[in-house]
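Working notes, structure below.
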Amino acid sequence: MALKISNSIAISFFLLLIINFSIVESSNKIRAHRPCKTLIFYFHDILYNGENAKNATSAIVGAPAWGNLTKLAGQNNFGDLIVFDDPITLDNNIHSNPIGRAQGFYVYDKKEIFTSWLGFSFVFNSTQHKGSINFAGADPIMNKTRDISVIGGTGDFFMARGIATIMTDSFEGDVYFRLRVDIKLYECW
Amino acid sequence: MALKISNSIAISFFLLLIINFSIVESSNKIRAHRPCKTLIFYFHDILYNGENAKNATSAIVGAPAWGNLTKLAGQNNFGDLIVFDDPITLDNNIHSNPIGRAQGFYVYDKKEIFTSWLGFSFVFNSTQHKGSINFAGADPIMNKTRDISVIGGTGDFFMARGIATIMTDSFEGDVYFRLRVDIKLYECW
Amino acid sequence: MALKISNSIAISFFLLLIINFSIVESSNKIRAHRPCKTLIFYFHDILYNGENAKNATSAIVGAPAWGNLTKLAGQNNFGDLIVFDDPITLDNNIHSNPIGRAQGFYVYDKKEIFTSWLGFSFVFNSTQHKGSINFAGADPIMNKTRDISVIGGTGDFFMARGIATIMTDSFEGDVYFRLRVDIKLYECW
């Protein structure tokens, strides 16, 4: 009987060793690639061009030596820095009820083609969502889909991390574009 | 006896299955909402207005077409981009010994009300703290408290993640403001 | 026999308690400080100075009141905002085959000495690497090595977090610098 129990104990300790090893490694190795939360939003950007002050939701606030603040610069807008406060909607209709604001900035950062770098937040204060989701990353605009990082969140999105897939859903010349954003959170608290 | 051990093994393997399942899920599901580290700091921003070059710790470096670089723009400063290097203190006295610097930028990003978007770091190199804490997020300035994300850290704050709650502790017109920052880290390494 | 099995069960449940406690704590406490991935790259920045439009990979797009867009400002470039699209190479030779682009921005943010704040991405689309690594943090340029945060990643670098150690490998006046970046990822998915 003593032998049998000590056998059980031996087996259990052996398992414990394996399990503890797994736990220590888990912060590095074991990750679920299935999102813990998925969200889809659209946001709408109307760039100030000197004539649309009332409707504009964004403005050029930095430009290279060859640019100016009311027209996107030559060389694929390279160097233009835009600040924005864009309405977020649940569908692709700019007239739908906004459920939050996309706020932050982007820079056009390549001379040969349209690409940009984004730093911004989705800010929610509605019955549906309260809190914010923070984003950063490169946006190679000419690709059909582009992935940026969800680098944090607050409120309902406390400590969130994940990936946001951006698609240009529509655009009209230099003045209007609409982005669809598929957010997949892989860290939910 | 063989039967008894195999019973033990069966039970143990069953437990192992449960436990491993828990581990794989843990990166998604089980999170402690208690901070692993809490810190409170103040920082002090003196904006360059064309006449205070000696004392200024920040300057407007981007502005919309209707703005300029020595005065915050109309429409609630929308589009103004400010770069700063502000002293960090442990209390709310600007004359206290600075224990680090808050360095980075913010943009005012809404026409109807004061809001901003922040990207900056706390940089420490004292006996108390060595290393940096990196922040990003939306700051709806008119709210009493605002939460932004701690997106990373180095040195003493290696790999940190968390939430920073910002409060406007004081301000004087357009030239001076003091922020209180309550940092709660939920990931400590 | 019943007694023996219940002994085994008792021991196993006791172990289960310990283990579950470990799992709940693991998101806060148990972290491997050994990188799960290490990468070394160089990138090359040629700043537009009004005369090198063809070769320049970056441009000043914001400057303080005392600066301009073709020459870095007085007071250690304080307030200058630079947008860049720099080639990434595996060695320190600017003529080596670029394996990606470093894209984003930096601001010089201290009057007394050269320091900057960086927000950028490494963007890869080659046989070696596909995806992006996103960075943010303070860069006290005069230090031999500086640590910034890897705040996220996409593609091959899905959900990455870590530390990037930056070294100024070479520079020529105000126009050219080359940075070596040692990336250590501590979260790999």
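Only this structure's heavy atoms are used, side chains among them; waters, hydrogens and symmetry mates stay out. Below, chain A is the first sequence line, B the second, and so on; all start at residue 1. Every value quoted in this text rests on a predicted model; they were computed, and no experiment measured them.
- For B:Phe105, the part sitting under 4.5 Å from any heavy atom of chain C is the side chain, from C-beta outward, and nothing else.
- Most heavy-atom pairs under 4.5 Å with chain C, from the set B:Gly104, B:Ala63, B:Gly155: that is B:Gly104.
- Only the side chain of C:Phe78 comes within less than 4.5 Å of a heavy atom in chain B; its backbone stays farther off.
- At a 4.5 Å heavy-atom cutoff, the contact between B:Leu81 and chain C is made by side-chain atoms alone.
- Between chain C and the options B:Ser58, B:Ala59, B:Gly62, B:Gly119, heavy-atom pairs under 4.5 Å are most frequent for B:Gly119.
- When heavy atoms are compared at a cutoff of 4.5 Å, B:Ala160 approaches chain C solely by way of its backbone atoms N, CA, C and O.
- For C:Thr115, the part sitting under 4.5 Å from any heavy atom of chain B is the side chain, from C-beta outward, and nothing else.
- Proximity to chain C is absent for every atom of B:Phe122, based on heavy atoms less than 4.5 angstrom apart.
- When atom types are taken as modelled, the side chain of C:Lys111 and the backbone of B:Ala53 share a donor-acceptor pair closer than 3.5 angstrom.
- In this structure, B:Lys71 places its NZ atom where only 12 or fewer heavy-atom neighbours from other residues, nucleotides or ligands lie under 6.0 Å away.
- Of the atoms belonging to C:Phe135, not a single heavy atom falls under 4.5 Å from chain B.
- Heavy atoms of C:Ile148 lying under 4.5 Å from chain B belong exclusively to its backbone.
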